Amino acid sequence: MKPHHFPKKLTAIAAACLVVAHAVTAADRPNILFLFSDDHAPQSISAYGSKINQTPNIDRLADEGIIFRNSFCANSICAPSRANILTGKHSHLNGQRDNRDTFDGSQVTFPQILQAAGYHTAIFGKWHLRSDPTGFDEWMVYPGQGHYYNPDYRTPEGTKRITGYSVDVTAGLALDFLKRRPTDQPFMLMCQFKAPHRQWLPGPKYHHLYADEEIPEPETLFDDYQGRTSSAAKHEMGIDEHMVMTFDLMVPSEGTFDWKRMNAAQKELWKSTYDARNKATQPENLTGKELVRWKYQRYIKDYLRCVAAVDENIGHILDYLSESGLDKNTIVIYSSDQGFYLGEHGWFDKRWMYEESLRMPLIMRWPGTIQPGSEVTELVQNIDYAPTLIEIANAAVPGEIQGKSLLPFLKNEPADDWRDSIYYHYYEHGFHGVPRHEGVRNARYKLIHFYHTNEWELFDLEKDPSEMKSQFDNPEYAEVRKNLEIELQRLRQNYDVTEPVSMLNSSRAPRSVK
Ligand code: CA
């Protein structure tokens, strides 16, 4: 870990201020701005070393703050990750095991605690938890996944449709909130973009970004799934087989998901862009690897165009914070609900415990506390967000929270007894061909158990970062395997995991698993 020093002089000044103020009033606590996107893979953020794009505004947060290099989710899918974040608990305890569950908003969440502690709380954008948001003074959230064009927002007063591109509209709601919020309270604002979730619909401004470029392909685009259990080969998330020409790839252009929602001007621009592109490349005449390469280019460019809109809007929000002076007392966080396959293993989508979907971006800026340019390599997880934000708000962290506060890293204090491994459990049985599985990852190794077929995989991430060959049956790894098996059992016990046995007996039928 690169050292991140908190200047001693500032510590003294901060301590003196606290004494003078006598009691810390609500207004003295920092504002919290949580900028969040959907399916934004760290390998498409330049601060994380992207080889395929640049994200100057997200990078700005990293340059002025702290970047967590080993940040992971607990269950790599939209609704469960959001529940992990809100509750600080693993899925089996917060009840949000998959996207079909309805979130129990009566349980303890960090927004409720911050609201009770005197914060003015708001959420705009993607919520995806079915039940109404709780713990928010204001909320405007998409029904379900939401739409890219002219999105609808659920509000306490009913549903409203707003004309525009969803990333711009949601950022606009956040900016409007920042300008009109009550100033006698600190705020906690969650600004949650739909982008760059499937289907990848770029906004008007970015239709032509990357048009004349070839985006580099990942090394594992043509993975043959040898060297692992039967699970990976049974996937239903292949760019080759499962990416749909119409609504995923705009062939024909009117096949796009939001076509019926677009107004005449949006339709005209969309059609002129994709009709011309389809005519020039004639994908209907391609087959085999040539077709996969074409699909990858169409997919990755549209995905990155959605990312560009997220990055641009983060820039607008950061600019406003600077102009208004709010930046000085506002913690800004950037994260996304899980990682994503950008062609690695021939895939799109997420769910697996493999690295690309296990990882989450996590960057924070807090002037005066976080030393600019800091890096953390310890293993952190999305269950850690809630206790961190509760501590920042000077509130008490409830005992039921399973995550650990990241505050020591932010303050450059020793993080004693930090975890050596993380626990992972994916439950959404069979969708995209991914079976339920659980596992443990430490700094170097990963053990995965596909318990319906009782198949195991063990990866040496130092020697095999792309996870192409399981070492589970390799006698040279016998000791490593034994230790990981013990660690997995320890984590299960520590986190009160009783599944998979109870899930195997669940009345919820698995979706067809090939
Ligand atoms: Ca997601």
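Ligands are counted one by one from 1 in listed order, and the atoms in each one are counted from 1 as well. Values in this document were obtained by computation on a predicted structure and should not be read as measured data.
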Assess whether ring pair (Phe, Tyr, Trp, His ring centres under 6.0 Å) is satisfied between Trp200 and Tyr299, documenting all intermediate values.
CA-CA 7 Å; Trp200 309 279; Tyr299 156 52; 4.6 Å; yes
Ring centers of His207, Trp270 separated by less than 6.0 Å
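Yes, ring centres under 6.0 Å apart.
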With a 6.0 Å cut-off on ring centres, are Tyr225 and His345 close enough?
no
What pairs with Tyr334 under ring-ring contact (aromatic ring centres under 6.0 Å, His included), at least two apart in sequence or on another chain?
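His40.
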Spell out, as yes or no, whether a donor-acceptor pair under 3.5 Å connects the side chain of Glu391 to the backbone of Leu389.
no
Heavy atoms from other residues, nucleotides or ligands near CZ of Phe257 exceed 12 (cutoff 6.0 Å)
no
Mind listing the protein N/O/S atoms less than 3.0 Å away from the Ca ion (ligand 1)? Waters don't count.
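Counting only protein N, O or S atoms under 3.0 Å from the Ca ion (ligand 1), the list reads Asp38 OD1, Asp39 OD1, Cys78 SG, Asp337 OD1, Asp337 OD2, Gln338 OE1.
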